[in-house]
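Scroll down for the structure; my scribbles are underneath it.
Basis for what follows: all heavy atoms, side chains included, without hydrogens, waters or symmetry-related copies.
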Amino acid sequence: MNTPAALQAPKYTPTQIEPKWQAAWQKAQAFKAEPDPTKPKYYVLEMLPYPSGVLHIGHVRNYTLGDVLARYKRAKGFNVMHPMGWDAFGLPAENAAIKNKTHPEKWTLANTAEMKRVMNLFGWSYDWSKEITSCLPNYYGPQQNLFISLYEKGLVYRGEALVNWDPVDQTVLANEQVVDGKGWRSGAAVERRKMPQWFMKITNYAEELLADLDKLPNWPARVKTMQENWLGKSRGLQFSFKVEGWDKTLEVFTTRPDTLYGATFCAIAPEHPLALQAAQNDPQARLFIEDAGKLGTAQEIIDKAEKKGHKTPYTAIHPLTGAKLPIYIANFVLMTYGTGAIMSVPAHDDRDHAFATKYKLPIVEVIHAEGQNVQQAPYVGEGTLINSPLINGMGVEDAKATIIAKAEAEGWGKGLTQWRLRDWGIGRQRYWGAPIPFIHCQTCGVVPVPRESLPVTLPQDVQFTGSGNPLANHPTWKHTTCPKCSQKAVRETDTMDTFTDSSWYFLRYLCPEATEPLDKQKVQYWMTNPQGQAGVDQYIGGIEHAVLHLLYARFFTKALRDCGYLTFDEPFAALLCQGMVIGNSYQTAAGEYIYPSQVEWKEAKNGEKAAYHKTTGEPLKVLPAEKISKSKNNGDSPDDLLARYGADTLRLFILFTAPPERDLEWSEAAIEGAHRFLNRLWNLTHKVATLCPREADKSLARQSPQDDGGRLLARKIHQTIRKVNEDIEKFQYNTMVAACMELLNDLTKPTAEQSPQTLREGTEALLRLLNPAAPHITEELWQQLGHTTMLCQTAWPEYNPEVAKADEITLVVQVNGKLRARLTVPAEITEAQAIQAAKLAPEAQSWLTNQTLQKAIYVPGRLVNLTTT
RNA sequence: GCCCAUGUAGUCCAACUGGUAGUAGACAGAGGACUUAAAAUCCUUACAGUGCCGGUUCGAAUCCGGCCAUGGGCACCA
């Protein structure tokens, strides 16, 4: 049905129109956001990227989701804040510095420039004047200022932590740098080592962090559950064992005091003082502790490792029975949890059972349940207490209370609320992070850097050898004088965990130029709502941040509130966690990761397909799909796709291909479909521009077309407007795009040309609905249709419920739950009429004859289910 | 190992949250039209499926229990 007009239309060339409109938006400053009391505000935020240098498809997904919302809300009349920046500190820059001899700052800033270039090609509607870069002093300086406020509030302290120590490189390793118990660079076996460390007192806020989850109805339930489990509030008994052969008592915490009579041994962490004591006269114990240390600090590794123990000469005296319980040093007990020691009840705990079986320790059943044999498998459920003189016959809860009361009365223990959450260790022995603004003085101790001397900046002339901490190794940087006594002193050489940078960036976006860390007025405008919930109105980011980043940012908000910077409790009023984009990774025999674009699939002799390197032809190992990451190179830069299809196609495709929360295995297979759709939209609009002259002030609703085709088309248009509205509000962007495709299918039917005015209205509505998803082509076509105001400054279309209303529905007739007939009935049918119609439905008759009707279930607008006896 | 999710045609996904499983929408396939031919475009169209086992219900893709597979997190990757 190509009309001459459509044939004459210019070809859709994204490479021409996309830069044109990007320039137009920039010239109009269309996305600039400043406080405006006359408009409701809307703050859309996407998680800021780590500038690896490659913008991959996961970013494209994240930022397109946010951009649809930002553009939609602008069209709805909101004053929209939509900023972007760079989480620019972190390990990869330092690794690159060691590998390529480039300075981390040079490497990082080159990466941000490259990523910003690509980001601009996508037409995301950011106000770039709000950009922050966390590795620059104008960001981390204010952060140091806030850090000192937190210190003054008592929320920062020095403590000790266990770290992965690489004895060859003399450096602390991140968990990801430990591979099979060895340092990834040096290959040396790691040692778990205790180090002085900076902490933030997040545990002060444990109760509030838990309680306030209830104030976040617009967060995904799964994220709240994960945070709740992470906080891990539990009620239990902390008590002490007297120890034979030791002058101190052994403190343990248990959530199962009811099983106290079932305790048959104790287990202590390899770093426990009693373990160290035992090691003094026992070389075997020393070896065991050293060996346990090789597991490193990662919980996963410790949990999965074979449970091992070493018996000490000490015994703990059971507080109720006086029994002597052997004390084992155990590789699965960690000093950083609770007291670093546990009572072990093998009959009713999985790990204890495995341990007891291995070392042939007694297993004493104290909770009985039918059909359970605790000698074979532990039983952790409810039951009746046995073998426990004080509490025999009780249930678990009563028994817990009784034991706690007894311990408190006799003074050997007390009931206690325990949290799984530990304080946040924020110090890093690395160069590429915000310097912790403190000075160590021999006489005055640890002294904060005076605020007027901030920022404490990183030195530029640094050697990156991979050995030790570059800041500590720098010849002059750390030497300074004490701000209190003016004596010679040294700077702290630890830098901050990069999670610190991302814990408050959403506030600094609102006032990137402010001399104070935060401009209270601006923060107040953008972060609070006269009615409704305070915080970022919609935060969007990957599910991988469900716990750490989001918990730290929540903590920071509460801490800054208590320091007087903020007036609200929670940073993010609503949260959308997009699913991961995952992809296979490809590895050469040498272990190098190859980008998917470099991979070619060829048929091998046995008929199966195998992966080969495109240029070298070398066979590649295909690894299972996982999160696209910079270390695995399993995501291509979308540059190539952009050049072939344009930004609008990519945006539309990524929205269309799956609902936002769902994980997505990357495949380009369906991208052609999105491109085809835009081409059809292009051709239709050019046809409409010539066929259907513009009648500026006639709205479709008032026009009420007379003919049937026109009326049906008008209905479809208004149903689509309604659906797109609903879908955007619910983030169902995939079905939103599908609805637009449906409308286009109707608009391109030959019959649509019989109602030119409706056809034009429909095309215009479609352009407006698609604008948030595909902003460039819709702007261009809007202009082609004769409009002079940009779409990004045009209000959202309204739908008319009268026009959208259906007048007939399909009524399904079931007999005993089985589909037997479909009837077409008027939309406003009553229940009685519907049941009557169902009983008379011809196709249902054979199922109803000689049957006695029991009841009729009516679901309005849907079905009637007739049940028989 | 522990915590949290997910599982529907050959593929990606719909299914108004317990009510017609697909004339939701696409990709791929087949056939046709147009073309000297190809690409592009348009038209027509087959196939078949709720991971497995059990339960609740008039009715289950949807709720419950168990299992399997996949993904995310596990505190120094971000």
Write down the distance between CG (A:Asn816) and P (B:rG19), rounded to a whole number of angstrom. 19 Å
Options B:rA14, B:rC58, B:rG25, nucleotide nearest the side-chain atoms of A:Glu742: B:rG25
Are A:Asn175 and B:rC74 close enough that a side-chain N or O sits under 4.0 Å from OP1 or OP2? no
Would you say the side chain of A:Cys577 lies within less than 4.5 Å of the side chain of A:Val223, judging by non-hydrogen atoms? yes
B:rC74, B:rA15, B:rU6: which one has an atom nearest the side-chain heavy atoms of A:Gln299? B:rC74
Short side-chain N/O contact from A:Thr498 to OP1 or OP2 of B:rA78, under 4.0 Å: yes
Using only side-chain N and O atoms of A:Lys307, determine if any of them is under 4.0 Å from OP1 or OP2 of B:rG1. no
Close side-chain approach of A:Leu681 and A:Leu770, heavy atoms under 4.5 Å: yes
Side chain of A:Ala669 - closest among B:rC27, B:rA15, B:rA75: B:rC27
Under 4.0 Å between a side-chain N or O of A:Arg662 and OP1 or OP2 of B:rC13? yes
Identify which nucleotide among B:rA78, B:rA75, B:rC13 has an atom closest to any side-chain atom of A:Pro92, counting heavy atoms from C-beta outward. B:rA78
Can you tell me if A:His686 uses its side chain to pair, donor with acceptor, with the backbone of A:Trp682 under 3.5 Å? yes
Using the C1' atom in both, what is the distance from B:rG65 to B:rA60, to the nearest Å? 15 Å
For A:Gln732 and B:rA15, give me the distance from atom CD to atom C1', rounded to whole Å. 11 Å
For the residue pair A:Met580 and A:Leu664, establish whether any side-chain heavy-atom pair is separated by less than 4.5 Å. no
With P as the reference atom in both, quote the distance from B:rG25 to B:rU44 in angstrom, rounded to an integer. 12 Å
Taking B:rA78, B:rA75, B:rC13 as options, the one with an atom nearest any side-chain atom of A:Ala298 is B:rA75
Side chain of A:His545 only, heavy atoms from C-beta on: which candidate in B:rG1, B:rA78, B:rA14 is closest? B:rA78
Among B:rG19, B:rA78, B:rA75, find the nucleotide with the atom closest to the side chain of A:Trp230. B:rA75
Pairwise C1' distance, B:rG19 and B:rA15 [rounded to whole Å]: 11 Å
A:Phe199-A:Trp424 aromatic ring centre distance below 6.0 Å: no
Base of B:rG19 paired with side chain of A:Gln814 (donor-acceptor, under 3.5 Å): yes
Report the distance from atom NE2 of A:His675 to atom P of B:rA28, rounded to the nearest whole Å. 13 Å
Are the aromatic ring centres of A:Phe332 and A:Phe355 under 6.0 angstrom apart? yes
Say you pick atom C1' in B:rA75 and the same atom in B:rG18; how far apart are they, in whole Å? 41 Å
Looking at A:Arg676, I'd like to know whether one of its side-chain N or O atoms comes within less than 4.0 Å of OP1 or OP2 on B:rA40. no
Syn or anti for B:rU8? Use the chi torsion, O4'-C1'-N9-C4 for purines and O4'-C1'-N1-C2 for pyrimidines, with syn inside 90° of 0. anti
Any side-chain N or O of A:Asn734 below 4.0 angstrom from OP1/OP2 of B:rA26? no
From the candidates B:rA24, B:rC3, B:rC13, the one with an atom nearest any side-chain atom of A:Asn229 is B:rC3
Within this structure, what is the CZ-to-P distance between A:Phe653 and B:rC13, rounded to whole angstrom? 10 Å
Ring-plane angle category for A:Tyr733 and A:Phe731, please: parallel below 30°, perpendicular beyond 60°, tilted otherwise. perpendicular
For A:Phe89, run the ring-ring contact (aromatic ring centres under 6.0 Å, His included) check against A:Tyr139, A:Trp432, A:Tyr505, A:Tyr50 and tell me which one passes. A:Trp432
Between A:Trp230 and A:Arg420, is there a cation-pi geometry (under 6.0 Å to ring centre, at most 45° from the normal)? yes
Considering only B:rA78, B:rC13, B:rC12, which nucleotide approaches the side chain of A:Thr657 most closely? B:rC12
Please report the distance separating the P of B:rG7 from the corresponding atom of B:rG51, rounded so that it comes out in whole Å. 8 Å
Is the base of B:rC27 touched by the side chain of A:Glu672 through a donor-acceptor pair closer than 3.5 angstrom? no
Compare the minimum distances between each of B:rG59, B:rA26, B:rG71 and the side chain of A:Asn865, then state the nucleotide with the smallest one. B:rG59
Does OP1 or OP2 of B:rU6 have a side-chain N or O of A:Arg222 closer than 4.0 Å? no
Of all the base pairs, Watson-Crick or G-U under 3.5 Å, which form stems of three or more consecutive pairs involving RNA chain B? B:1-7 with B:68-74, B:10-12 with B:25-27, B:29-33 with B:41-45, B:51-55 with B:63-67
If you compare every side-chain N and O of A:Asn679 against the phosphate oxygens of B:rA40 (OP1, OP2), does one of them come in below 4.0 Å? no
